[in-house]
Amino acid sequence: MLIRRAPRFTASEITDPKLYLSRRELISGTVAALVLRPGQSDGATPQGQPLSATRNAAFSLSEPATKFEHATTYNNFYEFGVNKDDPSRLGGTLRPRPWTVQVDGFVHKPKTFDIDELIRLFPLEERVYSLRCVEAWSMVIPWIGFPLASLLKRVEPTGQGKFVEFTTLLDPSQFPAQKPGFFGYSSLDWPYVEGLRLDEATHPLTLLTVGMYGKVLPNQNGAPVRVVVPWKYGFKSAKSIVRIRLVSEQPKTSWEKAAAQEYGFYSNVNPAVSHPRWSQADERRIGEFRRRPTLPFNGYADQVASLYTGLDLKKFY
Ligand SMILES: Nc1nc2c(c(=O)[nH]1)N[C@H]1C(S)=C(S)[C@@H](COP(=O)(O)O)O[C@H]1N2
Ligand SMILES: [Mo]
């Protein structure tokens, strides 16, 4: 217990995912029983259910995707604990149906959408994006979703909103780490809150995501709906969202509250700006052993660098 209390990043983060997975295999029987209980229908995810979408080649990397098994067992989702295998081990308590997403703030037509209504409202696209974690690993994932801009347009922003705030579900009965005293560890202020500038939120790359690998989003990856902002460090991509709010002030995010010197509001992937405790110059794709150089804006500079013209990216990290 005490071991888990002290460091924010535990030994698991430097454990090779290969070892990780083999360790997991030992318990996979148990996991299957807990997480993939067939016939679990009252409020349970249609996990693994196929979800069709049209591949948007213009927004897709040509690199091969990370193995599904890795992308669903090596996760950051602190509501389930700080270890990479906690979300896949414990994710079965999250009930992604029924689920609503409240879209409000500075909009003319605030509305609370049922998740299935939301999924039917906009054409689903598949986009292969890499997601670069602040801990210097990355994955390439075929996400399924639609531009967040489409949803925001629909609720008709008034013009007073300058930022978009995302809030994750707060429910200790579904998220074990939200219970006070969970293994003595509680570094984040729940619910998880993240934010983007309005122009970032409405950028065509910003994807409201409901699936991956041709299937409904697994619980551990943020079911039933999360955002994916591929030019920013992974923690900007909030999971299991219940509220999207247009606000006039820069939102106070959970990670900034926890450690503002380490996690800035912008958090654009930037090999030239080190994290206070490690370099951001290179990264490792999960499933590969070599390190590769990290690209500015995670390789999306052509599309997004113009959003930051004149902004000192060292100061506004
Ligand atoms: N609600 C919530 N969203 C979250 C997190 C979290 O702990 N809670 N972790 C973030 C981090 S640090 C990363 S790297 C990505 C990981 O997404 P993935 O597990 O689907 O790869 O989710 C982000 N979204
Ligand atoms: Mo991350």
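When a ligand or atom number is given, it counts from 1 through the structure's own listing order.
When hydrophobic residues (I, L, V, M, F, W, Y) are linked wherever their side-chain heavy atoms come within less than 4.5 Å, the members clustered with Val273 are Tyr317. Other residues sharing a hydrophobic cluster with Val193 under the 4.5 Å side-chain heavy-atom criterion for ILVMFWY residues do not exist; the residue is a singleton.
In summary, the aromatic rings of Tyr263 and Tyr233 are positioned with their centroids too far apart to meet the 6.0 Å limit. A ring-centre distance under 6.0 Å is found for Tyr308 and Phe297.
Taking a heavy-atom cut-off of under 4.0 Å, ligand 1 is surrounded by Asn75, Asn76, Phe77, Tyr78, Glu79, Cys133, Thr168, Tyr192, Asn221, Arg226, Gly234, Phe235, Ser237, Ala238, Lys239.
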List the atom pairs, donor and acceptor, that lie under 3.5 Å between side-chain atoms in residues 209-218 and the rest of the protein, sequence neighbours left out.
| unit_1 | atom_1 | unit_2 | atom_2 | d |
| --- | --- | --- | --- | --- |
| Thr209 | OG1 | Leu207 | O | 3.1 |
| Tyr213 | OH | Thr66 | O | 2.7 |

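Inter-residue side-chain proximity for Trp99 and Ser240 is flagged as met; some heavy-atom pair is nearer than 4.5 Å.
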